[in-house]
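Heavy-atom basis, side chains included; hydrogens, waters and symmetry copies ignored. In what follows, chains carry the letters A, B, and so on, assigned in the order in which the sequence lines appear, proteins first and then strands, with residues in each chain numbered from 1.
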Protein chains: 2
Amino acid sequence: MTKRTDRRADALSRERIVEAAIAILDAGGEGALTFRALAARLATGSGAIYWHVADKDALLAAATDHVVTQAMSGVGGGEADPRAAIRVIALGMFDAIDAHPWVGAQFSRAPWQPAMLRVFEAIGGRVRALGVPEGAWFNAWSALVTYIFGAAGQNAANARLQAPGTDRSAALADIAGGWARLDPADYPFLRQVAPQLAAHDDRDQFLAGIDLILAGIGTVR
Amino acid sequence: MTKRTDRRADALSRERIVEAAIAILDAGGEGALTFRALAARLATGSGAIYWHVADKDALLAAATDHVVTQAMSGVGGGEADPRAAIRVIALGMFDAIDAHPWVGAQFSRAPWQPAMLRVFEAIGGRVRALGVPEGAWFNAWSALVTYIFGAAGQNAANARLQAPGTDRSAALADIAGGWARLDPADYPFLRQVAPQLAAHDDRDQFLAGIDLILAGIGTVR
DNA sequence: ACCTGAACACCGTTCAAGT
DNA sequence: ACCTGAACACCGTTCAAGT
């Protein structure tokens, strides 16, 4: 009957472990998250972590869930216009993955997590409000969700590829320079588009894709 | 001056290593590819592989390049209608990743590979032929390419999640069942589309997304 | 030039032993 | 109930030594 409620303020908990994992992931990427590093940061033994999380996959899933939940809480849902609401939700995911690039690789690993379901539902609800026939809902929803997580993931991968501290626009200029030097007979399109690659804004381009899909959905009668 | 051209038929080569790696990846997934397993299959020492490839990243990149190159060689480019050609190229990528699910995770890791450039150009060339204003080319191209690789990657991830030998439609039915049991107040959309999730064909759904984007591009004047 | 395989510096995970 | 940290069975990569 003496249930101890006065635990040490710094007692280990799933929540504290997940937060420490996110800090390590944000600072050093996926490669930096080891149970030894995590145990050191939490001033405990590496085995202690296993009392609270099943394994590394579960830890990454919990960290992803945490980030997505936080991102979704920021996008309210107050927008009356379903198109505007879809843009807000999509940008919320984009920005969250941009801030935590390691999240991008996790979606594919655990796509049916609770937090993901909330994103799925949020998009689906707006698709329903878009005024397209019911038979088109599923494909319209699927295209949007696929694009949002695919694009955000790829963008995060690009960010991950860069050496930390490198200038993003310089790296992009490098790639664009490579495209500009391709054989004009074999790569006319990439040569032509190279300057736009160098100058483009990832966020604007992401949103332009959303708008194209929304425009496509608008043609379904 | 005695250049040996009569090497053993089974001499190690980058090509043989990459092929063995693909075989291992196809059979056992990304986790199965170790230098020890690869060396055993090639009947050599693990260190020998490093004479031909720089490291594991380079090996995965080479394997991915091989698969994409093969897939692209199968999609000719004979279609006159640019929309039809885009569908053929997209489906070619989809099927290649479906057959080699591990490829899906690699795109994000090395997006500027030679084989990828050929896919990029192939899509870009058709976008140009679509008859939209030049100012819209870059965003139209980007949306298509993002969707193609994002969707194919996510689909491959779903395949990877399944226990090997498991029935895909049974797994999908499981997830759909979970959606059908969600709280109707919180998840009306997911509940409603659950039956479609259980019945849908990944390939058809992928193509429906391509068609939505193409329809959206068609609205740009 | 190319191959061998032991050695090194790591991992994730387990588990007897502690409190 | 929860924590400790050594131990186990792996990794990728290196490198002296061979042919």
Side-chain angles (χ1 to χ4, degrees), chain A residues 1-25 27-64 102 105-106 109-110 160-161, chain B residues 1-25 27-64 102 105-106 109-110 160-161:
Chain A
M1 289 297 163
T2 52
K3 182 118 173 282
R4 290 190 52 194
T5 46
D6 59 323
R7 12 187 91 223
R8 288 180 296 155
D10 64 338
L12 221 43
S13 68
R14 192 182 161 86
E15 177 73 8
R16 274 193 70 225
I17 291 171
V18 169
E19 272 164 16
I22 290 174
I24 291 175
L25 287 162
E30 204 164 332
L33 182 65
T34 68
F35 279 80
R36 283 164 178 82
L38 194 52
R41 173 181 265 262
L42 292 164
T44 184
S46 61
I49 295 159
Y50 284 89
W51 186 264
H52 300 276
V53 299
D55 55 21
K56 193 169 183 178
D57 276 348
L59 180 57
L60 282 165
T64 302
W102 50 272
Q106 294 308 312
R109 242 166 265 180
R160 246 178 290 138
L161 281 179
Chain B
M1 289 295 163
T2 52
K3 182 120 173 282
R4 289 189 54 193
T5 46
D6 59 322
R7 12 186 92 222
R8 289 179 298 156
D10 64 338
L12 262 192
S13 68
R14 192 181 161 87
E15 176 74 7
R16 276 192 69 226
I17 291 171
V18 169
E19 273 164 17
I22 291 174
I24 291 174
L25 287 162
E30 202 163 334
L33 181 65
T34 67
F35 278 81
R36 283 165 179 82
L38 194 51
R41 174 181 264 262
L42 292 164
T44 183
S46 61
I49 295 159
Y50 284 90
W51 186 264
H52 300 276
V53 299
D55 55 20
K56 194 169 183 180
D57 275 349
L59 180 58
L60 282 166
T64 301
W102 50 273
Q106 294 308 310
R109 241 166 268 180
R160 246 178 291 139
L161 281 179

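Residues G45(B) and A39(B) share a closest heavy-atom pair of C-CB, 3.7 Å. For the residue pair R41(A) and A23(A), the shortest heavy atom distance occurs at NH1-CB, 3.6 Å.
Residue F35(B) has its side chain nearest to dT13(D) when only dT13(D), dC3(D), dG12(C) are considered. When distances run from any side-chain atom of D55(A) to the nucleotides dT13(C), dG12(C), dG12(D), the shortest one goes to dT13(C). Closest contact between the side chain of L12(A) and the listed nucleotides dG12(D), dC3(D), dT13(C) involves dC3(D).
Applying the salt bridge (charged side-chain N to carboxylate O under 4.0 Å, His left out) rule to E30(B) yields the partners R109(B); only residues at least two apart in sequence or on another chain are considered.
When rounded to the nearest whole Å, the span between CG of L33(B) and P of dT13(D) equals 11 Å. The distance between atom NE2 of H52(B) and atom P of dT13(D), rounded to the nearest whole Å, is 16 Å. Between D57(B) atom CG and dC11(D) atom P there is a gap of 17 Å when expressed in whole angstrom units. When rounded to the nearest whole Å, the span between NZ of K56(B) and C1' of dC11(C) equals 12 Å. A straight line from CZ of R36(A) to P of dC3(D) spans 19 Å, rounded to a whole angstrom. Rounded to whole angstrom, the span from the CG atom of L38(A) across to the C1' atom of dT13(C) amounts to 14 Å.
Note on I49(B): nothing from the nucleic acid sits closer than 4.0 angstrom, heavy atoms only.
W51(A) has no side-chain polar atom (N or O) that falls below the 4.0 Å cut-off from OP1 or OP2 of dC3(D).
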Once base and sugar-phosphate atoms are separated, protein heavy atoms under 4.0 Å mark nucleotides 14-19 of chain D, 5' to 3', with B, S and - as BB----
Per-nucleotide pairing state of DNA chain D [Watson-Crick or G-U, under 3.5 Å; [ ] pseudoknot-crossing; | other strand]
||.|||||...|||||.||
